[in-house]
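Worksheet for the structure shown next.
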Amino acid sequence: MLVQIPFLIVMCLIAVAAVYLLVDRWRRGALVFGSAALVAAVMRAVLPTSRVGLLQVRGRVADVVSLAVCGALVLWLATSIDSLGTN
C-alpha cells in the first residue's frame with residue numbers, strides 16, 4: 001500500500017481539480033490538473049521504480065516527458081485563454 005502513495009497524491013489533486021470544474025471554476029480546475037501532471041512527472045523522475053507504483057506506465061524517460069509536456073500544455077492553455085468574465 002505504501003508504494004501507491006505517490007499515485008494517491010496525484011489522484012487527490014485530480015479530485016480537487018474535478019471539484020473546481022464541477023463548481024464552474026474551469027480555469028482553477030485546469031491549473032490544478034496541470035499542476036497534478038507536473039507533480040506526477042517530478043515524482044516519477046525522483047522516486048526509484050520500486051516506489052512509484054501506478055505512476056509507472058512505460059520507461060522513466062517516456063513517463064516524465066509525457067507527463068511534463070501534458071502538464072505544461074494544460075497550464076499554458078489555462079493561463080492563455082481569455083476568461084470571458086469567468087473566474
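Residue numbers start at 1 and run along the sequence shown. Note that the structure is a prediction, hence the values are computed from the model and not measured.
- Taking Ile, Leu, Val, Met, Phe, Trp and Tyr as members and joining any whose side-chain heavy atoms lie under 4.5 Å apart, directly or through other members, the hydrophobic cluster of L38 also contains L31, L75.
- Contacts classified as salt bridge (charged side-chain N to carboxylate O under 4.0 Å, His left out) and involving residues 48-57 (residues at least two apart or in different chains) are not found.
- Under the 4.5 Å side-chain heavy-atom criterion for Ile, Leu, Val, Met, Phe, Trp and Tyr, V74 and W26 are members of distinct hydrophobic clusters.
- Nearest heavy atom pair, residue R60 against residue L47, reads NH1-O, 2.9 Å.
- Applying the under-4.5 Å side-chain rule to Ile, Leu, Val, Met, Phe, Trp and Tyr, the cluster around V42 extends to V46.
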Would you be so kind as to tabulate the donor-acceptor pairs closer than 3.5 Å made by side chains of residues 63-71, with sequence neighbours excluded?
from	atom 1	to	atom 2	distance (Å)
D63	OD1	R58	N	3.0
D63	OD2	R44	NE	2.9
D63	OD2	R44	NH2	3.4
D63	OD2	V57	N	3.0
D63	OD2	R58	N	3.3
S66	OG	A62	O	2.8
S66	OG	D63	O	3.1

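- The side-chain heavy atoms of P6 and L55, taken from C-beta on, include a pair separated by under 4.5 Å.
- In terms of heavy atoms, G29 sits closest to A17 at O-CB, 3.3 Å.
- By the side-chain contact (heavy atoms from CB on, under 4.5 Å) test, V16 is found to be paired with Y20, V32, residues two or more places apart in sequence or in another chain being considered.
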Sequence neighbours left out, cut at 3.5 Å: what donor-acceptor pairs do the side chains of residues 7-15 make with other protein atoms?
none

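- Between V52 and M43, every side-chain heavy-atom pair lies at or beyond the 4.5 Å cut-off.
- At distances below 3.5 Å, at least one donor-acceptor pair connects side-chain atoms of R27 with backbone N or O atoms of I81.
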